[in-house]
Amino acid sequence: MPVYTEYDGEYTLIAKITGEIDHHSAKWLRADIDTAINDYKPLLLKLDFSGVTFMDSSGVGLVMGRNLGMKEIGGRVELSNMPPYIEKVMSIAGMDKLTGTDFSKGGLNNGTEN
């Protein structure tokens, strides 16, 4: 379960997650993303789920924890490029309200219909 991070040098850290997010992979994802947050101190962390093929509740925990960490440094989290089933899980869990991501503007599903 790799995660690829890219920092724009000024403001935004993008973490592109690929593969499956489950109990076992989530700990590695947390560590990799947290290391990048600590290294760059971004104001915005964009979690890109376009490469995710499976996600259980560990994905919700991943978002919640990164949101807390970003708030501690004065930043925020934005969710992007989520397949419809992941968007539904995140919506039910209230991640739109927690992160401020506007699902209706394609924040999670890039405008695709559910």
Side-chain angles (χ1 to χ4, degrees):
M1 163 56 80
V3 59
Y4 302 97
T5 58
E6 179 181 332
Y7 184 60
D8 70 359
E10 179 177 334
Y11 180 77
T12 303
L13 175 66
I14 299 170
K16 184 170 181 164
I17 304 166
T18 61
E20 298 183 355
I21 303 174
D22 59 20
H23 174 73
H24 299 290
S25 63
K27 67 180 176 181
W28 301 110
L29 290 170
R30 285 191 301 268
D32 290 348
I33 295 169
D34 288 350
T35 296
I37 291 170
N38 289 330
D39 288 348
Y40 299 114
K41 306 283 192 264
L43 294 176
L44 175 62
L45 170 63
K46 285 188 178 185
L47 295 174
D48 182 338
F49 288 83
S50 61
V52 176
T53 57
F54 170 83
M55 184 187 84
D56 65 14
S57 62
S58 301
V60 173
L62 177 78
V63 172
M64 291 174 68
R66 300 322 50 107
N67 188 67
L68 180 60
M70 287 299 294
K71 282 186 175 190
E72 288 176 356
I73 63 169
R76 65 183 186 90
V77 172
E78 181 179 291
L79 308 177
S80 66
N81 300 322
M82 299 184 105
Y85 81 94
I86 293 178
E87 177 181 355
K88 187 172 186 175
V89 170
M90 292 295 188
S91 179
I92 290 168
M95 294 299 102
D96 54 337
K97 293 169 185 61
L98 182 72
T99 65
T101 302
D102 185 354
F103 291 11
S104 69
K105 295 194 178 196
L108 294 183
N109 64 10
N110 275 345
T112 59
E113 296 294 322
N114 285 342

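N38 and T35 are not linked by any side-chain donor-acceptor pair at a separation below 3.5 angstrom, with hydrogens and angles left out of the test.
When side chains are defined from C-beta on, I33 counts as touching V3, because their heavy atoms get closer than 4.5 Å. With contacts defined as side-chain heavy-atom distances shorter than 4.5 Å, the pair I73/I37 qualifies. For the pair V77 and L47, the minimum side-chain heavy-atom distance is below 4.5 Å. At least one side-chain heavy atom of E78 sits less than 4.5 Å from a side-chain heavy atom of L44. Residues L29 and I21 meet the side-chain proximity criterion, which asks for heavy atoms closer than 4.5 Å. Within the 4.5 Å cutoff, the side chain of T12 has no heavy atoms near those of the P42 side chain. Residues T5 and D32 are not in side-chain contact: their nearest non-hydrogen atoms beyond the backbone lie 4.5 Å or more apart.
No more than 12 heavy atoms of other residues, nucleotides or ligands sit less than 6.0 Å from atom OH of Y40.
A distance of 5.5 Å separates CG in L43 from OH in Y11, rounded to the nearest 0.5 Å. For the atom pair OG (S25) and CZ (R30), the distance works out to 9.0 Å, reported to the nearest 0.5 Å. A distance of 4.0 Å separates CG in D48 from CG in N81, rounded to the nearest 0.5 Å.
Of the residues listed (S50, P2, S80), the one engaging K16 in a side chain to side chain contact (heavy atoms under 4.5 Å, CB included) is S50, and it is the only one. Exactly one of T101, D102, D96 qualifies for a side chain to side chain donor-acceptor pair (under 3.5 Å) with T99. That residue is T101. If you run salt bridge (Lys or Arg N to Asp or Glu O under 4.0 Å) between D34 and each of R66, K41, K27, only R66 comes through.
The cluster map of Ile, Leu, Val, Met, Phe, Trp and Tyr, joined by side-chain heavy atoms under 4.5 Å apart, puts I17 and I14 in different clusters. Cluster annotation: F49 is connected to M64 through the hydrophobic network of ILVMFWY side chains, with a link wherever side-chain heavy atoms come within less than 4.5 Å.
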**Asked** Does the side chain to side chain contact (heavy atoms under 4.5 Å, CB included) test come out yes or no for M70 and E72, once each step is laid out?
**Response** CA-CA 5 Å; M70 287 299 294; E72 288 176 356; over 6 Å; no
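Side-chain atoms of Y85 never come within 3.5 Å of backbone atoms of K88 as a donor-acceptor pair (strictly under, hydrogens ignored).
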Name every donor-acceptor pair, under 3.5 Å, that has one atom in a side chain of residues 55-62 and the other anywhere in the protein, sequence neighbours excluded.
from	atom 1	to	atom 2	distance (Å)
D56	OD1	S58	N	2.8
D56	OD1	S58	OG	3.0
S58	OG	H23	N	3.2

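Other residues sharing the hydrophobic cluster of Y4, ordered by chain and number and joined by side-chain separations under 4.5 Å: none, the residue standing alone.
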